[in-house]
Peer 1: 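Submitted below is the structure of interest, expressed as structure tokens.
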Amino acid sequence: MAATTTTDASPKYRAPTDFHPQIPELSVSENPHDGLHFWQFMVAGSIAGSIEHMAMFPVDTLKTRMQAIVGSGSYPVQNVNVRQACKSIMKNEGAAGFYRGIGAMGLGAGPAHAVYFSVYELCKQYFSRGDPNNSVAHAVSGVCATVASDAVFTPMDVVKQRLQLKSSPYKGVVDCVRRVLVEEGIGAFYASYKTTVVMNAPFTAVHFATYEAAKRGLIEVSPDIADDERLVVHATAGAAAGALAAIVTTPLDVVKTQLQCQVKSFLLRLLFFLFLTQGVCGCDRFSSSSIGNVIKIIVKKDGYQGLMRGWIPRMLFHAPAAAICWSTYEASKDFFHRLNGNPDN
């Protein structure tokens with residue numbers, strides 16, 4: 001009787017064992033997109049973001065210098081073009097001036113883009129419900145990714161832009177972080193977060209809409225180039241998307257730069273006693289971080305053209321940056337495809 005009980009019990013315990021491999025097998029085989037794991041999207045995004053921002057950093061410095069200048073009092077700012085800004089940096093600081101703050105960019109770009117692409121893929125899988133052509137799902141996923149990645153990147157972006165400014169009072173990344181924390185508080189690192197999200201939400205929408213349209217257009221015009229999509233199509237479509245999105249959202253980027261570069265501490269205002277109404281190296285101090293308030297002040301002092309300050313270097317930054325980012329991202333994904341044993345994806 002005891003032996004019979006043991007024999008009958010073994011199949012009962014063997015059944016769950018048969019099903020056990022199927023549980024992890026579902027999570028492995030049903031990868032979110034393109035046969036890749038989420039951590040692989042994170043790594044690919046981190047590599048793409050780091051290469052993109054480090055390569056385009058000198059152009060970003062030019063854009064920041066041009067946007068940070070605002071007229072004081074009743075005097076409007078003197079218009080500075082790209083060539084003049086470039087000559088000024090070379091004359092006063094040398095080539096190294098173009099790379100001030102690159103350490104902060106290096107610390108922020110990788111993690112921020114890892115968050116961006118992983119959140120984007122996760123949300124796209126959830127919202128698309130299996131429909132790869134659901135443009136609304138792509139747009140919503142992009143906004144979700146922007147909110148998450150900006151929370152990671154904004155503090156380092158504040159440090160980066162303060163170091164980029166002419167005659168910056170900070171010695172480096174660590175010194176800037178320490179002094180901002182002591183003199184202005186942790187809130188200073190997120191003074192422009194709302195503006196950044198408000199700016200990046202339409203930027204993402206325009207970017208992805210333009211990118212998808214340009215990619216489809218290129219393939220329809222010449223179907224033969226579909227095989228080269230990983231390089232030619234992604235780079236060209238990315239450049240067009242980056243340029244258009246950059247131009248459309250320049251006014252909000254100017255507001256963001258102004259908010260990030262202002263200084264509110266009493267101690268630093270004493271150091272810059274000749275410019276009591278200004279922040280770091282020329283940026284106005286604003287009584288409110290309201291986007292509308294900052295726009296009103298800029299328009300009052302410099303006219304509507306003040307809102308488009310730096311649009312040329314911004315466009316010159318985002319067009320090749322998007323091309324580099326998409327090409328690198330797709331190349332990294334291709335590497336992981338081969339690593340996973342599915343090179344045909």
Side-chain angles (χ1 to χ4, degrees), residues 41-67 82-83 85-86 89-90 93-117 120 145-146 149-150 152-154 156-165 172-173 196 199-200 203-204 207-208 210-211 214 228-247 249-250 253 256-257 310-336:
F41 285 113
M42 291 183 70
V43 173
S46 179
I47 294 172
S50 297
I51 293 177
E52 167 200 347
H53 284 284
M54 302 291 266
M56 301 305 300
F57 194 82
V59 181
D60 184 60
T61 298
L62 280 175
K63 181 216 67 161
T64 299
R65 293 286 181 93
M66 294 176 70
Q67 289 182 342
V82 175
R83 186 176 66 176
C86 187
I89 294 174
M90 286 297 296
E93 305 165 61
F98 288 100
Y99 292 92
R100 279 186 59 86
I102 196 170
M105 176 62 77
L107 291 173
H113 279 73
V115 170
Y116 178 84
F117 281 104
Y120 177 74
T146 292
S149 63
D150 284 345
V152 177
F153 187 66
T154 296
M156 281 296 102
D157 195 34
V158 171
V159 175
K160 183 239 354 167
Q161 291 197 325
R162 292 196 178 198
L163 290 172
Q164 283 178 317
L165 295 176
V173 175
T196 302
M199 177 190 71
N200 284 343
F203 180 94
T204 302
H207 184 100
F208 277 99
T210 306
Y211 173 77
D228 298 324
E229 183 178 332
R230 291 185 183 88
L231 180 61
V232 179
V233 174
H234 283 291
T236 305
L244 182 60
I247 294 173
T249 57
T250 292
D253 190 49
K256 184 201 75 171
T257 299
W311 74 269
I312 294 178
R314 178 169 163 77
M315 181 189 66
L316 293 176
F317 172 87
H318 281 285
I324 292 171
C325 186
W326 280 111
S327 299
T328 306
Y329 182 62
E330 291 300 324
S332 299
K333 286 172 59 179
D334 183 62
F335 169 78
F336 285 121

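Counting begins at 1 with the first residue of the sequence. No experiment lies behind these values; they were computed from the predicted model shown.
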Peer 1: Which atom names give the shortest non-hydrogen contact between Pro313 and Leu62, and what distance separates them?
Peer 2: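 Closest approach of Pro313 to Leu62: CB-CB, 4.4 Å.
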Peer 1: Taking all non-hydrogen atoms of both residues, which atom of Ala323 and which atom of Ala235 are closest, and how far apart?
Peer 2: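 Between these two residues, the closest heavy atoms are CB-O, 3.3 Å.
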Peer 1: Does Ser46 offer a backbone N or O that forms a donor-acceptor pair with the side chain of Ser50 under 3.5 Å?
Peer 2: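 Checking the backbone N and O of Ser46 against the side chain of Ser50, a donor-acceptor pair under 3.5 Å is found.
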Peer 1: Taking only residues two or more places apart in sequence or in another chain, which ones pass side chain to side chain donor-acceptor pair (under 3.5 Å) with His53?
Peer 2: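 Expected list: none.
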Peer 1: Identify the two heavy atoms, one from Ala109 and one from Gly49, that lie closest to each other, and give their separation to 0.1 Å.
Peer 2: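 Taking Ala109 first and Gly49 second, the nearest heavy atoms are CB-O, 4.0 Å.
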Peer 1: Evaluate the criterion side-chain contact (heavy atoms from CB on, under 4.5 Å) for residue pair Thr204 and Tyr116; output intermediate values, then yes/no.
Peer 2: CA-CA 11 Å; Thr204 302; Tyr116 178 84; 3.7 Å; yes
Peer 1: Can you name the side-chain contact (heavy atoms from CB on, under 4.5 Å) partners of Ala104, sequence neighbours left out?
Peer 2: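 Applying side-chain contact (heavy atoms from CB on, under 4.5 Å) to Ala104 gives Met156, Val159, Lys160, Val173.
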Peer 1: Going from CD1 on Ile312 to CD1 on Ile247, what distance comes out if it is rounded to the nearest 0.5 angstrom?
Peer 2: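 The CD1 atom of Ile247 is 9.5 Å from CD1 of Ile312, to the nearest 0.5 Å.
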Peer 1: His318 vs His207, test: side-chain contact (heavy atoms from CB on, under 4.5 Å). Steps then yes/no.
Peer 2: CA-CA 10 Å; His318 281 285; His207 184 100; over 6 Å; no
Peer 1: When rounded to the nearest 0.5 angstrom, what is the spacing between CD in Glu93 and OH in Tyr99?
Peer 2: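 Here the rounded value is 13.5 Å.
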Peer 1: With Met56, which residues qualify under side-chain contact (heavy atoms from CB on, under 4.5 Å), at least two apart?
Peer 2: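 Per chain and number, Met56 pairs via side-chain contact (heavy atoms from CB on, under 4.5 Å) with Val59, Phe317, Pro320, Ala321, Ile324.
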Peer 1: Go through it in stages, so that I can follow the logic: the residues are Met90 and Phe98, the test is side-chain contact (heavy atoms from CB on, under 4.5 Å), and I'd like the CA-CA distance, side-chain angles, deciding distance and then a yes or no.
Peer 2: CA-CA 8 Å; Met90 286 297 296; Phe98 288 100; 3.4 Å; yes
Peer 1: Give the minimum heavy-atom separation between Pro58 and Ala55, together with the two atoms involved.
Peer 2: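 For Pro58 versus Ala55, the nearest heavy atoms are CD-O, 3.9 Å.
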Peer 1: Roughly how far, to the nearest 0.5 Å, is the CZ atom of Arg314 from the OG1 atom of Thr249?
Peer 2: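 So the gap between those two atoms works out to 3.5 Å.
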Peer 1: Of all residues at least two apart in sequence or in a different chain, which pass the ring-ring contact (aromatic ring centres under 6.0 Å, His included) check with Phe336?
Peer 2: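 Residues passing ring-ring contact (aromatic ring centres under 6.0 Å, His included) with Phe336: Trp39.
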Peer 1: Under the side-chain contact (heavy atoms from CB on, under 4.5 Å) test, which residues partner Ala214, sequence neighbours left out?
Peer 2: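 side-chain contact (heavy atoms from CB on, under 4.5 Å) list for Ala214, sorted by chain: Ala237.
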Peer 1: Could you go through the side-chain contact (heavy atoms from CB on, under 4.5 Å) check for Asp157 and Asp150 one step at a time?
Peer 2: CA-CA 9 Å; Asp157 195 34; Asp150 284 345; over 6 Å; no
Peer 1: Just to verify, what does Phe117 make a side-chain contact (heavy atoms from CB on, under 4.5 Å) with, not counting sequence neighbours?
Peer 2: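 Here the qualifying residues are His113, Cys325, Tyr329.
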Peer 1: Nearest 0.5 Å, please: how far is OH in Tyr211 from NE2 in His234?
Peer 2: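 So the NE2 of His234 and the OH of Tyr211 are separated by 4.0 Å.
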Peer 1: What pair of heavy atoms forms the shortest contact from Ala322 to Gly238, and how long is it?
Peer 2: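 Residues Ala322 and Gly238, closest heavy atoms: CB-O, 3.0 Å.
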